[in-house]
2 protein chains.
Amino acid sequence: MNIAIELPEKASRDLLRSLHRQLRAAIVDGRLKAGVRLPPTRALAKALGISRNTAIAAYDLLLSEGYVEARGGAGTYVIDLRPRLTRPKAPPPDPEADTRLASQWRGWRPVKEFCSDQVFRYDFIAGVPSMAFPFDIWQRLSTRAARQVARRKVQERDPAGEYSLREAIANHVSFVRAVACTPDDIVVTGGARQAIDLIARILVTPGQTEAAIEDPGYGPTRRSLEIAGAIIRATPVDAEGLVVERLPPSARIVCVTPSHQFPLGVVMSAARRRALLDFAASFNAVIIEDDYDSEFRHDHQPLDALQTLDRAETVFYVGTFSKSMFPELRVGFVVVPRWARYALTLAKQLNDWHCPLITQLALADFIAEGHLARHVRRMRRIYSERHRALTEAIAHHFDDRLQLFPAHAGVHLAAGSDSLDDRRLVVKAEAKGIRVEDIARYAVRDIDQRGLVFGFGLIRAEDIEPAVKILARLA
Amino acid sequence: MNIAIELPEKASRDLLRSLHRQLRAAIVDGRLKAGVRLPPTRALAKALGISRNTAIAAYDLLLSEGYVEARGGAGTYVIDLRPRLTRPKAPPPDPEADTRLASQWRGWRPVKEFCSDQVFRYDFIAGVPSMAFPFDIWQRLSTRAARQVARRKVQERDPAGEYSLREAIANHVSFVRAVACTPDDIVVTGGARQAIDLIARILVTPGQTEAAIEDPGYGPTRRSLEIAGAIIRATPVDAEGLVVERLPPSARIVCVTPSHQFPLGVVMSAARRRALLDFAASFNAVIIEDDYDSEFRHDHQPLDALQTLDRAETVFYVGTFSKSMFPELRVGFVVVPRWARYALTLAKQLNDWHCPLITQLALADFIAEGHLARHVRRMRRIYSERHRALTEAIAHHFDDRLQLFPAHAGVHLAAGSDSLDDRRLVVKAEAKGIRVEDIARYAVRDIDQRGLVFGFGLIRAEDIEPAVKILARLA
């Protein structure tokens, strides 16, 4: 056995531990190869100048841990660990077929999102905000928060979120969105995604509950509902938002993005809003209002949240800091109807107990000290400029080949077309270093809605006109 | 209308926005009370020196948002928002009964955990580690991580976790627990709790899948399985850990804490480990190994993880940094069998996309730079000292009225008793400023297991003897 073993000059207790550890390490990292015969305990003891009992004890431990096997009188041999130590990087061909998985989880693969290390010359990816964020301020507040956490006595950590944060959020949404709520109405979540996932969990009875979603719409919302066992009812969207008249009366959940439809960008009209609230009230349905980027408003038409108009506690208002701050933060929240407060808080508690505390405390200060409002104001100016540049460039270069959907908020625009071969344009554009997506990418059914989605979170204002010009030439 | 309105000297566009905002704010915060009649638009325009059209437009917006109502020719009146603005703090009497909730979510309330701002003179709460943590180092690494995030180009954010973190975790567990894995086998989660919650989601077919749990055992694991729809099979625990012979062959999931049973603290014997792995292999069952605090070992008997001995990919190894660092961090991980890798990664993606990025990058460095290993070594010494003090104090003061369960790891001990009225002792102790829990608190069925659980994460070594002395007198 040609491996170096160094033992402490200590009590046999430490000797044994040390010897066992070193032997095991040698086996795990392959210095002791499979099939190698360990020296007889007597020989090992002599070589290392330790008692034979220590050597025997060490071998016994390796034996009980399954690293070596005793072949009768033939001695002690290293077991072949390779099958486990050198696992192939890729999963086996068809892991999803394994019957140990609950059936609804078979045959799925994780979805690639923003999956491109490729840097684009012009990037119109939608749903990704600018990374211009005051990280220095954020870290200063985080450091302060860490000190608070360090000083804390053990106490209840509320799954719904730290009270100071819920207070700050309640003030924030009351002010910017006229959403009427108290801290007790709020549950802090790991982004809007966890919010919708947990809401789906508490509302959906698998195989029974029907959920209406916007078509085209936001993929992850659909998938969370599907995996929760909901029956999906794709409902069309037009220039006034979700076509409420087309809602199946059997729908018990309605998911909407009324302030800035994803991906079309349209604002739901006041009439449709009232109709939707009436629908929910009369059919005892629930509305999930995903208000993901409405802080960035580009004109004077601030239609209020459904939650603000709701009189029957039918609306779950979902907000996020992914767009107003940065997505990697993973914090969002729900303004919960009272009847669902316990259930949603419990769902959060069972899912991951609560959001990371340092983040919660830092965010509470970030909002309370006005940093969020300042940052949103600043970004609104930047996004409005890009919004304008994009609107003008498309009108100018595409003429009537692309019709912009009216959008007054947020970080993306969409444009429809009857003539355009959008798929082909997307591919040709990528070859020219331009990333832009076609509307159909967000379709639930095979909708004939043709057109493109232009995100402007990443592209600079001055780059927009040149990029659109190239696109128009490619079209 | 006696509210101050200040308007900018700007284009009518800004005038309208400003006027509408101020009126709405006045209504929301109650300066304009319900039922108040707004001045006629002509009068308002005159008073503010603006065009009448601007006043009309502002009223129209308030109308469309539902803040005011037009009473025929009688004018415009403020609507009563109070029912929504002054929601009672407490939820209505029986919110869980609401039929809009999926049935399995009705009748539940969030569970209070560590719910006590009351500071105890002597605190033996279990499952709570010491808060002695190098937060200064942590914040330094977080600040560096924030800079990395700020510099990032948009790219795929892997739901399974940042590769650098999974690499660090893989090396860490291979070293301290001889768990053989590559970064690709790891999914980073929001604590062990989210790990178990997501595993339950992908394995449980509601109403069908039977899950065996330790009795007594860890409550949240049981609740996550229940809410996922599993049929719970409580299985007894003795001094050798889970009594494998008592497992119902119909169990398809077996949850265990083999390194340090919660709450009894016993180590699962090598024989039982082999038996459990055989059980899983022969019945095509899955083992969830919750290895929550085994880094803190108090003797030379390092029994390896079940995952290390597993040859059939039946084990989900769940680790956490809640005990080795601090619980408010909310980071844990799973070493996933390859056949479940896609499903678990997708479950994480649908649930909350990924863990906060700054935390992930900071943790990767914290581990890679050896800070974790150092901290664990330091805490192991501290906990071992408390472990010894507790063992001696109980033996000395309780004689044979309490028999300690053999425990070689972790941050708590348990002691059984035939004679002791443990419930009564717990209550009497609290009155004397001592927090200690009885084993029955963790029972799933009505087990007759009497005794106490002594956590030593919070109590200092020198306080242990005096505290136990008082307890013994109260007993």
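Chain letters run A, B, ... following the sequence lines, proteins first, then strands; residues in each count from 1. Since this is a predicted model, take the numbers as computed values, not measurements.
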Review point. If you measure from OG1 on B:T143 to CZ on A:R140, what distance do you get to the nearest 0.5 Å?
Key: 11.5 Å

Check your understanding: Which atoms of A:Q104 come close to chain B, meaning under 4.5 Å heavy atom to heavy atom: side chain ones, backbone ones, both, or neither?
Key -> side chain

Check your understanding: Donor-acceptor pair, A:R223 side chain versus B:L350 backbone, under 3.5 Å?
Key -> no

Review point. Are A:M131 and B:V149 close enough that some pair of their side-chain heavy atoms sits under 4.5 Å apart?
Key: yes

Check your understanding: Just wondering, do B:W138 and A:I358 contact through their side chains at under 4.5 Å, heavy atoms?
Key -> yes

**Study point:** Donor-acceptor pair, side chain of A:W105 and main chain of B:L346, under 3.5 angstrom
**Key:** no

**Study point:** Interchain contact, A:R201 with chain B, by part (heavy-atom threshold 4.5 Å)
**Key:** both

Revision key, fill the gap. Heavy-atom closest pair (B:Q349 atom, A:R193 atom, distance to 0.1 Å) is O-CD, 3.1 Å

Review point. Does some side-chain heavy atom of B:Q139 sit less than 4.5 Å from a side-chain heavy atom of A:S142?
Key: yes

Exercise for review: With side chain to side chain contact (heavy atoms under 4.5 Å, CB included) as the test, would you mind laying out the steps for A:D352 and B:N351 before giving the verdict?
Suggested key: CA-CA 10 Å; A:D352 63 2; B:N351 181 211; 5.6 Å; no

Review point. Given a strict heavy-atom distance threshold of 4.5 Å, which part of A:I227 is in contact with chain B: side chain, backbone, both, or neither?
Key: side chain

**Study point:** side chain to side chain contact (heavy atoms under 4.5 Å, CB included) against A:A195, all qualifying residues, sequence neighbours excluded
**Key:** A:T189, A:V318, A:V334

Review point. So which heavy atom on B:L101 is nearest to which on A:A343, and how close?
Key: CD2-CB, 3.7 Å

**Study point:** Verdict with reasoning, A:R100 to B:N284, per side chain to side chain contact (heavy atoms under 4.5 Å, CB included)
**Key:** CA-CA 7 Å; A:R100 285 173 288 192; B:N284 200 31; 3.4 Å; yes

Point to revise | By side chain to side chain donor-acceptor pair (under 3.5 Å) - contacts of A:R252 (at least two apart) | key: none

Practice item. With rounding to the nearest 0.5 Å, note down the distance linking CH2 in A:W339 to OG1 in B:T99. Key: 8.5 Å

